[in-house]
A.B. asks: 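The following block contains the structure, expressed as C-alpha cells.
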Amino acid sequence: MFGFYKQNIGYIQEFSVRADQRRYAVDDEAPRHYIDLDHYETLAPIDTMPMQWDSAVAKYSEATLLEYGIVPWHIMKVKAWLTKAMKERDYEKIIKLSADLGHYIADAHVPLHTTENYNGQLTNQHGIHGLWESRLPEIFATKYDFYTGKAVYLHAPLSTIWQTVAESFAAKDSVLAMERELTLRMPNTKYSFESKGTTTVKVYSRDFSSAYHSALNQMVERRMKKAIFMVGCFWYTAWVDAGQPDLEFTVNQRIDLQPQLDSLAKLMQGETIKGRMETH
Ligand SMILES: [Zn+2]
C-alpha cells in the first residue's frame with residue numbers, strides 16, 4: 001500500500017482539487033463539502049443530528065440534509081467506494097477516490113464548513129473563509145509541523161468523522177469572534193494590496209493575518225495536521241477492510257491520467273459554480 005501511494009502521490013495531489021472543480025459541472029457536488037450544523041443546533045455538542053444517514057433522513061428529510069450539507073455521510077460513501085476499488089485493484093479508481101476522500105476529510109476539518117455563515121456573509125465578515133483556509137496557510141504553513149506519526153485502523157469511522165465535524169463546529173465561534181475583534185482593533189490596516197501577475201488584488205494585510213493567526217493559537221496548523229492524519233487513517237482503514245490487497249504494480253501497468261486532468265481544467269474555464277461559492 002505504502003509503495004503504491006508513494007508512487008502515485010503526484011496524481012493524488014492533482015486529483016485532490018477535482019472535487020471542488022466538479023462543483024462547476026455537477027449539481028449534487030456542493031453539499032458533499034460541508035454540513036451546516038447550526039441549522040440544527042445552536043451549541044456543541046451535536047445531540048440533535050443522528051449519526052446514521054437513514055435516521056437523519058427519517059428525522060429531517062433527505063431534501064433538508066442535501067440543502068444543509070452531507071460531508072460526514074459522503075466521506076463514508078467514498079470510503080466504501082475506495083474499499084471496493086482496492087478489492088478490485090482498480091488502480092485508476094484507487095487514485096481518484098483516495099484524492100476525493102482526502103479532499104472531503106480535509107473539508108470536514110475546516111470550522112467554516114460546519115456553519116451557514118460559512119463566509120461570514122451573515123455577520124459582515126465576508127472573505128473569512130478564504131482568510132482561514134487559504135491566506136493563513138499560504139503565509140504560515142511553511143513553518144507548520146506536519147509530522148503526524150503512523151496511521152491507525154479506524155474501528156468506527158462514522159463516529160470518528162462525526163467527532164471531526166464536532167471539533168470543527170466547536171471551533172467556528174472563535175474563528176468568527178477573533179476576526180470580528182481584530183477588525184475593531186485594526187480597522188485601517190485590515191487590508192492591503194498585493195500584485196498577482198499583472199494585476200493588483202486586495203488581500204488581508206500581513207499584519208492583520210499575523211495577528212489573526214496568533215489569536216487562533218495554532219488552530220489552522222492543528223486542524224491541518226489532524227486532517228493529514230485522518231486522511232492516512234481512512235486510506236489505511238479502506239485498505240484493511242479490502243483485505244490488505246497487494247497494490248504493487250509493474251512499470252508497464254502504470255496509468256496515464258494526465259489527459260483527464262487536462263480536460264477537467266478545460267471544463268472549469270469560464271464556468272460558474274453550481275451551489276455555494278466558498279471563496280472569492
Ligand atoms: Zn471542498
Side-chain angles (χ1 to χ4, degrees), residues 9 11-39 65-82 95-121 126-138 141 146 157 160-169 171-172 175-176 219-235 238 260-261 264-265 267-269 271-280:
I9 199 65
Y11 277 145
I12 294 176
Q13 241 169 330
E14 290 204 55
F15 273 99
S16 68
V17 295
R18 205 172 68 128
D20 273 344
Q21 293 171 342
R22 267 197 306 262
R23 296 183 302 158
Y24 293 83
V26 181
D27 284 320
D28 299 341
E29 184 58 40
R32 299 172 178 174
H33 299 249
Y34 57 87
I35 179 160
D36 294 341
L37 284 166
D38 48 5
H39 177 73
L65 297 181
L66 286 172
E67 191 174 346
Y68 296 98
I70 55 167
V71 67
W73 299 295
H74 194 66
I75 286 170
M76 294 306 293
K77 207 183 235 184
V78 180
K79 181 194 163 279
W81 292 339
L82 177 61
I95 290 170
K96 290 180 181 173
L97 292 167
S98 296
D100 281 352
L101 188 56
H103 182 110
Y104 298 123
I105 290 171
D107 275 351
H109 282 78
V110 177
L112 292 171
H113 279 244
T114 62
T115 170
E116 289 187 88
N117 195 17
Y118 56 90
N119 197 21
Q121 77 281 11
H126 294 263
I128 190 171
H129 197 104
L131 171 63
W132 195 99
E133 72 169 31
S134 302
R135 181 72 173 156
L136 295 187
E138 270 163 27
F146 286 138
T160 302
I161 204 61
W162 271 106
Q163 174 63 32
T164 298
V165 165
E167 290 162 5
S168 294
F169 185 61
K172 63 125 177 94
V175 168
L176 289 157
M219 187 203 282
V220 179
E221 180 176 3
R222 269 184 279 120
R223 294 313 279 158
M224 282 180 81
K225 194 169 170 172
K226 191 89 190 279
I228 293 165
F229 176 66
M230 249 348 138
V231 171
C233 293
F234 268 82
W235 287 349
Q260 293 187 40
L261 286 167
L264 260 163
L267 187 77
M268 244 187 89
Q269 282 166 7
E271 283 283 333
T272 49
I273 211 156
K274 292 177 193 281
R276 172 176 296 188
M277 185 73 189
E278 275 158 2
T279 50
H280 54 186

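Ligands are counted one by one from 1 in listed order, and the atoms in each one are counted from 1 as well.
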A.B. asks: Quick one, Trp81 and Leu101 - any side-chain contact, counting heavy atoms below 4.5 Å?
C.D. replies: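 Not touching, per the 4.5 Å side-chain cut-off.
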
A.B. asks: Where is the tightest heavy-atom contact between Pro157 and Lys79, given as atom of each residue plus distance?
C.D. replies: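 Here Pro157 and Lys79 meet closest at CG-CE, 4.1 Å.
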
A.B. asks: Which angle, to the nearest 10 degrees, do you find at the Zn ion (ligand 1) between OD2 in Asp107 and OD1 in Asp20?
C.D. replies: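 Output for this angle: 170°, rounded to tens.
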
A.B. asks: With no hydrogens and no angle check, do the side chains of His113 and His129 hold a donor and an acceptor under 3.5 Å apart?
C.D. replies: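 Result is yes, a qualifying pair exists.
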
A.B. asks: N/O/S of His103 less than 2.8 Å from the Zn ion (ligand 1)?
C.D. replies: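 Checking the Zn ion (ligand 1) against His103, an N, O or S atom does fall under 2.8 Å.
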
A.B. asks: Any donor and acceptor pair, going by atom type alone, linking the side chain of Asp100 with main-chain N or O of Tyr104 inside 3.5 Å?
C.D. replies: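 No: the side chain of Asp100 does not pair with the backbone of Tyr104.
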
A.B. asks: Which is the closest N/O/S atom of His33 when seen from the Zn ion (ligand 1)?
C.D. replies: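 Of all N, O or S atoms in His33, the Zn ion (ligand 1) lies closest to ND1.
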
